[in-house]
Amino acid sequence: MERSAAILKIRELANQLATNVTAIHPLVPGLADAPTQAELFKALFELTKQVETVKKHLLKLEKRDDSALT
């Protein structure tokens, strides 16, 4: 797979992950258990941060000038 195609596919999947993580947030209060809710919110926050890190690195890779490597 070509780099640009791989970047597009990874970005698409990362966006799907972000959408799914975001969809979980409003469901957490329905658990009615404060300790569980707190842990889930922490985990969801960490997931969001990691997905954003993936997207940020993809953007950097896209913008990087590879002409210096050849």
Side-chain angles (χ1 to χ4, degrees):
M1 178 177 278
E2 181 184 313
R3 177 191 282 184
S4 61
I7 289 171
L8 288 174
K9 185 62 177 175
I10 293 169
R11 181 176 289 119
E12 175 188 326
L13 293 170
N15 286 336
Q16 288 175 11
L17 283 169
T19 299
N20 288 329
V21 169
T22 301
I24 294 171
H25 279 264
L27 303 174
V28 174
L31 298 174
D33 182 72
T36 302
Q37 289 169 279
E39 290 302 316
L40 286 179
F41 282 131
K42 281 191 235 176
L44 292 169
F45 176 72
E46 290 301 320
L47 284 167
T48 300
K49 281 187 357 184
Q50 296 303 318
V51 170
E52 290 304 315
T53 297
V54 168
K55 290 167 37 176
K56 180 177 83 174
H57 283 284
L58 291 175
L59 188 58
K60 281 183 181 179
L61 182 59
E62 278 183 317
K63 291 183 177 186
R64 190 172 75 199
D65 181 13
D66 286 338
S67 63
L69 300 176
T70 56

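None of these values were measured; they are calculated from a predicted model.
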Please name the residue in the list Arg11, Lys55, Arg3 that meets the salt bridge (Lys or Arg N to Asp or Glu O under 4.0 Å) test with Glu62. Arg11

Set out, in order, the CA-CA distance, both residues' side-chain angles and the distance that settles side chain to side chain contact (heavy atoms under 4.5 Å, CB included) for Leu17 and Val54, then state yes or no. CA-CA 11 Å; Leu17 283 169; Val54 168; over 6 Å; no

Taking atom CG of Asn15 and atom CD1 of Ile10, what is their separation to the nearest 0.5 Å? 12.0 Å

Which residue pairs pass the ring-ring contact (aromatic ring centres under 6.0 Å, His included) test when at least one of the two sits in residues 38-62, sequence neighbours left out? His25-Phe41

Spacing of CG belonging to Leu31 relative to CG belonging to Leu40, to within rounding of 0.5 Å: 6.0 Å

Looking at Ala34, is its backbone amide N or carbonyl O close enough to the side chain of Gln37 to form a donor-acceptor pair, meaning the two atoms are under 3.5 Å apart? yes

The test is salt bridge (charged side-chain N to carboxylate O under 4.0 Å, His left out); show your working for Glu52 and Lys49 and say whether it passes. CA-CA 5 Å; Glu52 290 304 315; Lys49 281 187 357 184; over 6 Å; no

Any non-hydrogen side-chain atom of Gln50 less than 4.5 Å from a side-chain atom of Leu47? no

With rounding to the nearest 0.5 Å, note down the distance linking OG1 in Thr19 to CD1 in Ile24. 11.0 Å

Of the non-hydrogen atoms in Val51 and Ala18, which two are nearest, and what is the gap between them? CG1-CB, 4.1 Å

